[in-house]
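Taking it in order: structure first as structure tokens, then the write-up.
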Amino acid sequence: MQIYNTMTRTKEELVPQTPGRIAMYACGPTVYNFFHIGNARPFIVFDTMRRYLEYIGYRVTYVQNFTDIDDKMIRRANEEGVTVQELADRFIAEYYKDADALGVRRATVNPRATEHIGEIIEIVRTLVEKGHAYPTRSGDVYFSVRSFPGYGKLSGQPVEALESGARIDPSEEKRDPLDFALWKAEKPGEPSWDSPWGKGRPGWHIECSAMSMSLLGGTFDIHAGGQDLIFPHHENEIAQSEAATGQPFARYWMHNGYININNQKMSKSLGNFFTVRDIAGKFDLEAVRLFLLSAQYRNPINFSAELLEQAASGLERLRTARERLLDALAAAGGETPEDAAFAERIEEFVKGFRAAMDDDLNTADALGVLFEFARALNVFVSEPRGRTVLESALKRWNELTDVLGICVAAKEEELPQEALSLLEERAKARESRDWARADSIREQLRELGFAVEDSKAGAKLKRI
RNA sequence: GGCGCCAUCGCCAAGCGGUAAGGCACGGGUCUGCAAAACCCUUAUCCCCGGUUCGAUUCCGGGUGGCGCCUCCA
């Protein structure tokens, strides 16, 4: 498979460090709030990457962290009058609610920064020993950017260019404006941990280095995150990790594009965001997932209710195709003359899907293949078919939709007795050609939230 | 100022050297008691101007328009 590596700015063949295995790290949420649809994109995209890697046979170790200690956590905890830990516990639970509903599979490990303070301190200590970091009088420890020659290699920014834009806070005791905090000395009312430099807490960047390296090793395959993390977060991770270990950090860097609102980046600071929780009340989150996969992950994607409705309609089409296939399977008989040719077509769809995904996770293209598959299926099952070919069609269909995490088998819903008896009554009315009665029952069912679809096999109820 | 991305049908979105996938919406039709679902048919020369090439939406240069990062941010 080819993936676009931000480091080299080209598509490269993905060659894992250990054959057959992929070690992958994705930056997860800071758990001080519900996450928004913009945050959802990397969760879904990289979850899909993980699913696809597993589908093509890799054993994947997928790590996605929770940042549970930083400035925002502290501020929010103080506002709410709870401890940082309580805040984190609460929003980690909320994260799982939304992520589960979006079809994001649980990562192999979801480490919390505060569970890795020991490793963090070890890395900082090593960096100080090697002369890449220095403590200050007040107990902060800074990374010395100029001590790491490769600084700027991910973002493509020459150090000189960065210097002019660097922030200087007079209260900080940096030797160089470019330097960034590895360890922050304790301030009143903030959580802190003991360290060789006194009580304090980790800086943001070092958390990801510690969690990724302790779970995946000093060199691992893929590091992923949003484009806004390229600089400074990922640049800093590289600097501190490689300076500490002397070995390459992540081998491939994947970055997803933004979600825009009216062509502008959705972000918490701009206030133009929708949380997944907000949307969950109005839309099927599986449609949200489909929407986010309807564009290639590196391209920006505009968000609007209209677009979500379009995605929901598309999803309905995929679900219907699967249901028709299921019905056909229930009525399947012996082999028909067309079965063999269709079995071959199925494999063509699989190939097409894989070719799309192999090209830097082109989910938009892959979805196109899925829709073509759906049409072919709809045509094919309009006549009785053999069980064998239908079974293999269903197997393939499930495999491909599972990779994208959409169109998952609908839970068998208990239909209300009232609806079922109405449906039965309508069938009788239709038998006696009492169309007015039949139509009025259909209207009653609509009010109950069901659409009626007639077919030769009988009428079916469908949630609307 | 530095680094980078984008511009394809009404809306979304693939393709990226050989004359444009797919979805949504729209129109016509088949099926249906009527619908719904499904199916069939119809709908684009790819922002502009140059260049390279037998041939460019696809490569190069220049415009125009939009967006992002440059130490809060997925």
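Below, chains carry the letters A, B, ... as their sequence lines are ordered, and counting in each starts from 1.
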Could you tell me whether A/Arg9 contacts a base, only the sugar-phosphate backbone, or nothing, with contacts defined as non-hydrogen atoms closer than 4.0 Å?
sugar-phosphate
Sticking with atom P, work out how far B/G1 lies from B/C54, rounded to a whole angstrom.
39 Å
Charged N to carboxylate O below 4.0 Å: is that the case for A/Arg396 and A/Glu347?
yes
Is there a side-chain polar atom (N or O) of A/Asn378 under 4.0 Å from OP1 or OP2 of B/A38?
no
Under the side chain to side chain donor-acceptor pair (under 3.5 Å) rule, collect the residues that match up with A/Asn78, sequence neighbours excluded.
none
Any donor-acceptor pair under 3.5 Å linking the side chain of A/Asn262 with the backbone of A/Gln264?
no
Would you measure the distance from the C1' atom in B/C47 across to the matching atom in B/A7 and give it in whole Å?
6 Å
Could I get a table of every N or O pair under 3.5 Å where one atom is in the protein and the other is in nucleotides 64-68 of chain B?
{"unit_1": "B/G68", "atom_1": "O2'", "unit_2": "A/Tyr258", "atom_2": "OH", "d": "3.0"}

In this structure, is the centre-to-centre distance between the rings of A/Tyr25 and A/His223 below 6.0 Å?
yes
What interatomic distance, in whole Å, is found between C1' of B/U8 and the corresponding atom of B/U45?
10 Å
Is A/Val452 touching bases, backbone alone, or none of the nucleic acid, heavy atoms closer than 4.0 Å?
base
B/G27 pairs with, by Watson-Crick or G-U criteria that keep both distances under 3.5 Å
B/C41
Counter-base of B/U53, judged by Watson-Crick or G-U geometry with both distances under 3.5 Å
none
Give one of base, sugar-phosphate or nothing for A/Leu370, where a contact means two heavy atoms less than 4.0 Å apart.
nothing
Mind checking if A/Arg76 touches a base, just sugar-phosphate, or nothing, with heavy atoms under 4.0 Å?
nothing
For this output row, return yes or no: ring centroids of A/Phe91 and A/Tyr32 closer than 6.0 angstrom.
no
CD on A/Glu186 to OG on A/Ser138, rounded to 0.5 Å:
12.5 Å
Thinking salt bridges, do A/Arg430 and A/Asp454 make one under a 4.0 Å N-O criterion?
yes
Nucleotide forming a Watson-Crick or wobble pair with B/U32, both distances under 3.5 Å:
none
Does the protein touch nucleotides 15-26 of chain B at the base, only the backbone, or not at all? Give it as B, S and - per nucleotide, heavy atoms under 4.0 Å.
S-----BSBSS-
Using a 4.0 Å heavy-atom cut-off across all strands, classify A/Leu229 as base, sugar-phosphate, or nothing.
sugar-phosphate
Under 4.0 Å, counting only non-hydrogen atoms across every strand here, what does A/Asn299 touch: a base, just sugar-phosphate, or nothing?
sugar-phosphate
Looking at every strand, decide which applies to A/His233 at a 4.0 Å heavy-atom threshold: base, sugar-phosphate, or nothing.
nothing
Using only side-chain N and O atoms of A/Asn256, determine if any of them is under 4.0 Å from OP1 or OP2 of B/A74.
no
Given the C1' atoms of B/A21 and B/C49, what is the spacing between them in whole Å?
30 Å
Nearest-Å distance once atom P is located in both B/C26 and B/A36
11 Å
Charged N-O contact under 4.0 Å between A/Asp140 and A/Lys174:
no
Mate of B/A21 where both pairing distances stay under 3.5 Å, Watson-Crick or G-U
none
For B/G68, what is the paired nucleotide under Watson-Crick or G-U wobble rules, both distances under 3.5 Å?
B/C3
